[in-house]
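Below is one structure, written out as structure tokens, with a few remarks after it.
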Amino acid sequence: MTSFVEIPAGSDFPLENLPYGVFTPAGSDQPRPGTAIGEWVVDLRALQEAGLLETDVFDGPTLNAFMAAGRPVWKAVRSQLQSLLSDDNSTLRDNEALRAGAFHHQAHVRMVMPVDIGDYTDFYSSREHATNVGTMFRDPDNALLPNWLHLPVGYHGRASSVVVSGTDVHRPMGQTKPAEGPPVFGPCRLLDFELELGFFTGPGNDLGSPIPIEEATDHIFGFVLVNDWSARDIQKWEYVPLGPFLAKNFATSISPWIVTLDALEPFRCASPSQEPTPLPYLQGSGDRSYDIGLEVGIQPEGADTDDVVCRSNFKYMYWNISQQLAHHSVTGCNIRPGDLLASGTISGPDKGSYGSMLELSWRGQNSIPLSDGSERKFIQDGDTVVMRGAAEKDGLRIGFGECRGKVLPSLG
Ligand code: CA
């Protein structure tokens with residue numbers, strides 16, 4: 001499959017990917033849906049208005065209508081786009097005026113929030129991460145709590161503070177408890193990232209009608225990189241008895257491009273084996289995980305590049321996305337188009353694959369050296385945290401681009 005658009009070697013965005021996002025072209029304040037190919041963004045509303053896409057889902061400033069339309073429409077649009085962008089189709093290739101209006105170089109557009117997110121849920125589905133946290137804060141011999149191997153643990157997060165890559169994040173203020181004495185108020189001192197992938201939901205279900213696990217992927221549109229910023233000192237004081245609250249609600253960064261399940265289909269793989277066997281409503285047939293390489297870099301203020309501090313993979317996740325969605329809706333809870341369900345921190349088996357500074361520094365016991373000579377136990381003001389992801393096999397690379405966020409001093 002080749003395109004008339006030049007695809008640079010190692011690009012995240014070949015014709016097989018075609019992720020969806022929302023952008024504003026230079027000199028415009030009108031966000032519009034687009035897809036990425038090579039170094040370009042293609043304006044999907046322009047193609048729709050030219051009569052080249054048989055749909056009206058790209059009228060709005062978000063992808064919610066497209067997500068609500070469901071898998072048959074997702075497949076039809078993907079197929080039409082792959083045909084329009086292929087080098088043996090002259091419709092777009094030879095229409096210079098249309099190409100000039102619809103193609104924008106990625107360096108010249110601003111990526112904005114692709115979705116109006118109604119609800120955001122964050123799971124805790126990496127066994128390695130949950131074991132590390134349980135070992136640090138409780139008991140190495142009983143690191144996993146009794147429910148963990150029976151259900152995908154999660155919590156309802158905060159949708160209003162989900163921001164697109166490139167948005168600065170202020171260090172939060174909050175209440176913490178010193179080892180001795182009463183609680184104090186001030187800037188978070190233990191600011192952390194969490195390396196996650198999140199999925200956006202499709203049509204969803206009516207209140208009272210759970211989504212069966214075998215139908216789950218019909219309700220999953222695609223993935224983004226997620227940085228679930230976390231204030232560890234605030235979290236430690238507040239989380240008993242009801243779990244994370246203000247330690248997680250100040251910002252969650254996502255990558256701008258949503259990579260579809262259709263693009264990731266060649267990278268489907270098995271999850272780790274589950275023992276004990278989950279209850280029947282959590283048993284899905286076939287492979288339901290994905291082999292997606294992930295990394296996190298820290299770029300200190302003034303540095304030209306980031307230092308990679310973590311390399312992990314989505315395939316390590318114990319609970320898969322179908323299980324997460326089936327579990328989330330099993331009470332009859334209604335999932336709506338454009339909800340964001342994130343994986344939880346994705347840690348692997350070895351120390352270099354831990355997906356948070358909490359684990360990489362082992363609760364601040366170890367320092368991570370950076371190439372500018374500084375070292376980190378947690379994230380400092382001026383640091384930019386960069387997450388990247390790509391699935392690669394047999395010369396095919398389906399990439400996610402980047403999820404970046406710079407930490408600014410607290411406003412307090
Ligand atoms: Ca998280």
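Throughout, numbering of the chain's residues begins at 1 and tracks the sequence. We count ligands from 1, going down the list as the structure has it; atoms in each ligand are counted the same way.
Exactly one of Y20, F314, F200 qualifies for a ring pair (Phe, Tyr, Trp, His ring centres under 6.0 Å) with F223. That residue is F314.
The aromatic rings of W148 and Y318 lie tilted to each other, with the angle between the two planes from 30° to 60°. Using cut-offs of 30° and 60° on the angle between ring planes, the pair H104 and F23 is tilted.
H327 and Y281 share a side-chain donor-acceptor pair at under 3.5 Å. Residues T260 and D262 have side chains that never bring a donor and an acceptor to within less than 3.5 angstrom of each other.
The existence of a salt bridge linking D287 and R268 is excluded, since no basic side-chain nitrogen approaches an acidic carboxylate oxygen closer than 4.0 Å.
Listing protein N, O or S atoms at distances below 3.0 Å from the Ca ion (ligand 1), with waters left out, gives D122 OD2, E194 OE1, E196 OE2, D228 OD2.
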